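Any value given below was found using the heavy atoms of this structure, including those in side chains, with hydrogens, waters and symmetry copies removed. Atoms within each ligand, like the ligands themselves, are counted from 1 in listed order. Everything numeric here is computed off the predicted structure, so don't read it as measured data.
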Amino acid sequence: MSDRVLAEASAQIAAARRGERPAPVVRTFFDEKTFTATHVAHDPVTREAAVIDSVLNYDQAAGRTHHDEARRVVDYIRAEGLKVAWVLETHAHADHLSAAPWLQAQLGGKMGIGAEIVRVQDVFGKIFNAGTEFARDGSQFDRLFHDGDRFSLGEVQVTVLHVPGHTPADMAFVIGDAAFIGDTLFMPDYGTARADFPGGDARQLFQSIRRLLSLPGETRLFLCHDYKAPGRDCYAWETTVAAERDSNIHVHDGIEEDAFVQMRCDRDATLSLPNLIVPSVQVNMRGGRMPEPESNGTRYLKVPIDTL
Ligand SMILES: [Fe+2]
């Protein structure tokens, strides 16, 4: 199963590299507050586009949302005359709120995420003691993706890979010769994503990463985050399979699974939780929507005490 999916994705990448199929144009918007890269990929022929991992601005102290980041994306899409077919999430993020429903209202398109989101909804639905009005069936999204799913963005082929480990639901969207790999690998000088959130698994993360690194060396990789590695003074979010295999500080070729798992678990034990994990998870498990308003018309987020 895995081999077939990887073979199809690899053939798709090779066809785009050879110019037999269009390769997507990618434009990235980087939110320096949450270190998140939102990517817009489009087919240069039909101008059909996908937005991947959008950001809703959230002022935690004031409990206020705004749309400055997402508006940059909307302005670009309108200026370029793109038609949004998909608003995608690589996973339910724990460090920023998704602007997917707001973008969908502005631009159209279908919201999609990995099918394992139902497991994430189950875990966090319990942690936040969400009521029965919170459906744990993924119905907040238009499409739930499985490993090996394929579709087209205009004339560009897309293959979806399930890459769990950071969370159970992580997906990589391989669009033409460009793979949007969410929180798996970071830039070679920074390493890999943490695997200690509920449902995370360092061993699974290693296997997912090795799977991504089995794609052709010239595959363009687009990351969800960058934090600037020591000695690097600009943000970066694009690399290649070959560069990661050669020099990723956590998983370059030759690093064995057990050594990675040990390193990852040791490092995760030193990391504090992301600033916005409490609001992010509550909103993102609902597909980027706030909880329903209470009887006074106000929406509230909860803070579980001594739980996370
Ligand atoms: Fe994440």
Chemist: If we count only N and O atoms by modelled type, under 3.5 Å, do the side chains of Asp177 and Gln12 hold a donor and an acceptor together?
Modeler: no
Chemist: Ignoring water, what protein N, O or S atoms are under 2.8 Å from the Fe ion (ligand 1)?
Modeler: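 Near the Fe ion (ligand 1), below 2.8 Å, one finds His91 NE2, His166 NE2, Asp183 OD2.
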Chemist: Indicate, with yes or no, if the rings of His91 and His166 have centres closer together than 6.0 Å.
Modeler: yes
Chemist: Cation-pi check for Phe134 against Arg286: NZ or CZ below 6.0 Å from the six-membered ring centre and within 45 degrees of the axis, yes or no?
Modeler: yes
Chemist: For the residue pair Asp53 / Thr90, report whether a side-chain donor-acceptor contact shorter than 3.5 Å exists.
Modeler: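 The answer is yes; a qualifying pair exists.
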Chemist: Does Glu294 come within less than 4.0 Å of Arg299, counting only side-chain N to carboxylate O?
Modeler: no
Chemist: Is any side-chain N of the basic residue among Arg203 and Glu257 closer than 4.0 Å to the acidic one's carboxylate O?
Modeler: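 Judged by the 4.0 Å cut-off on N to carboxylate O distance, Arg203 and Glu257 do form a salt bridge.
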